[in-house]
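Worksheet for the structure shown next.
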Amino acid sequence: MVVLAALTACAGPYQHYEGTGLHDATAAEVAGSWENVEGTRVVLRKDGSALLEKLDGQDFDFEDGWRLSGTGTWQLTDDEGGQVVRLSLAARTRVESRSPATATDTSTPEPPSTYAWSFYVDRDQHDELKLFFFYGDSDRGNTYVMTRETGS
């Protein structure tokens with residue numbers, strides 16, 4: 001009983017996250033330009049190709065501080081728990097760092113040349129789509145939210 005309590009105490013809010021329950025978004029609705037407050041921009045084209053600018057790592061990779069830019073592919077999947085945008089970076093064109101300290105820290109792992117993200121698909125209070133993933137320490141439940149780019 002004590003072991004079970006100790007194990008569940010370490011389970012953060014997203015370790016057992018099963019999805020948003022959303023099943024009605026279409027690929028045409030998801031396609032377009034997305035942004036977040038940190039200057040990230042992702043363009044999901046209708047043909048399944050993608051353009052990424054300054055996209056941070058997911059989960060604990062976020063803590064490495066790198067931000068990737070490049071091209072790749074995306075697809076909208078529908079799992080039991082809800083829809084997910086699977087985004088893959090195929091060709092990295094630029095690497096940036098969120099902070100100068102990360103850029104000069106020699107213990108920081110080399111940023112990946114390819115990478116894959118899974119964005120949960122949800123709707124906000126105005127029924128507009130938003131995309132998000134979790135990052136950092138699982139006990140905190142931090143979300144990295146992408147919203148439709150202003151003017152698109």
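Only this structure's heavy atoms are used, side chains among them; waters, hydrogens and symmetry mates stay out. Everything quoted here is computed from the prediction, not taken from an experiment.
The CD atom of E35 sits 10.5 Å away from atom CZ of R148, with the distance rounded to the nearest 0.5 Å. Here OG1 of T40 is found 9.5 Å from CD of E53. Values are rounded to the nearest 0.5 Å. Considering CD of Q83 and CG of D122, their distance stands at 10.5 Å, rounded to 0.5 Å.
Annotation for A27 and L76: closest pair N-CD2, 3.6 Å, computed over non-hydrogen atoms. Between P112 and L68, the closest heavy-atom pair is O-CD2, 3.9 Å. Considering all non-hydrogen atoms of both residues, V84 and S118 come closest at CG1-CB, 3.8 Å. Counting all heavy atoms, side chain and backbone alike, R98 lies closest to D56 at NH1-OD1, 2.7 Å. Taking all atoms of both residues into account, the shortest heavy-atom contact from E63 to D137 is OE2-N, 3.5 Å. Closest non-hydrogen pair, G72 versus L52, comes out as N-CD1, 4.3 Å.
By the 4.5 Å heavy-atom criterion applied to side chains, Y115 and Q58 are counted as neighbours. Inter-residue side-chain proximity for Q75 and T73 is flagged as unmet; no heavy-atom pair is nearer than 4.5 Å. Between Y120 and T143, the closest side-chain pair of non-hydrogen atoms is not below 4.5 Å. Considering only heavy atoms from C-beta on, N36 stays 4.5 Å or farther from T147 through its side chain.
No single ILVMFWY cluster, assembled from side-chain heavy atoms under 4.5 Å apart, contains both M146 and V43. Both L22 and F119 sit in one connected hydrophobic cluster of ILVMFWY residues. Membership requires side-chain heavy atoms under 4.5 Å apart, directly or through other members. Put simply, L51 and L87 are part of two different groups of oily side chains (I, L, V, M, F, W, Y) that touch within less than 4.5 Å, one to the next.
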After noting the C-alpha distance and the side-chain angles of L44 and L131, does the key distance pass the side chain to side chain contact (heavy atoms under 4.5 Å, CB included) rule? CA-CA 12 Å; L44 305 175; L131 309 177; 4.2 Å; yes

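The existence of a salt bridge linking E38 and K54 is excluded, since no basic side-chain nitrogen approaches an acidic carboxylate oxygen closer than 4.0 Å.
E29 is linked by a side-chain hydrogen bond (donor to acceptor under 3.5 Å, both in side chains) to R123, counting only residues two or more places apart in sequence or in another chain. Residues passing the side-chain hydrogen bond (donor to acceptor under 3.5 Å, both in side chains) test with D124, sequence neighbours excluded: none. In this view, F62 and Y135 satisfy the ring pair (Phe, Tyr, Trp, His ring centres under 6.0 Å) rule, not counting sequence neighbours.
Taking the centre and axis of the six-membered ring of W74, the NZ or CZ atom of R86 falls outside the cone set by 45° and 6.0 Å.
A ring pair (Phe, Tyr, Trp, His ring centres under 6.0 Å) with F134 is found for one member of W117, Y144, Y17, F60 and no other, namely Y17.
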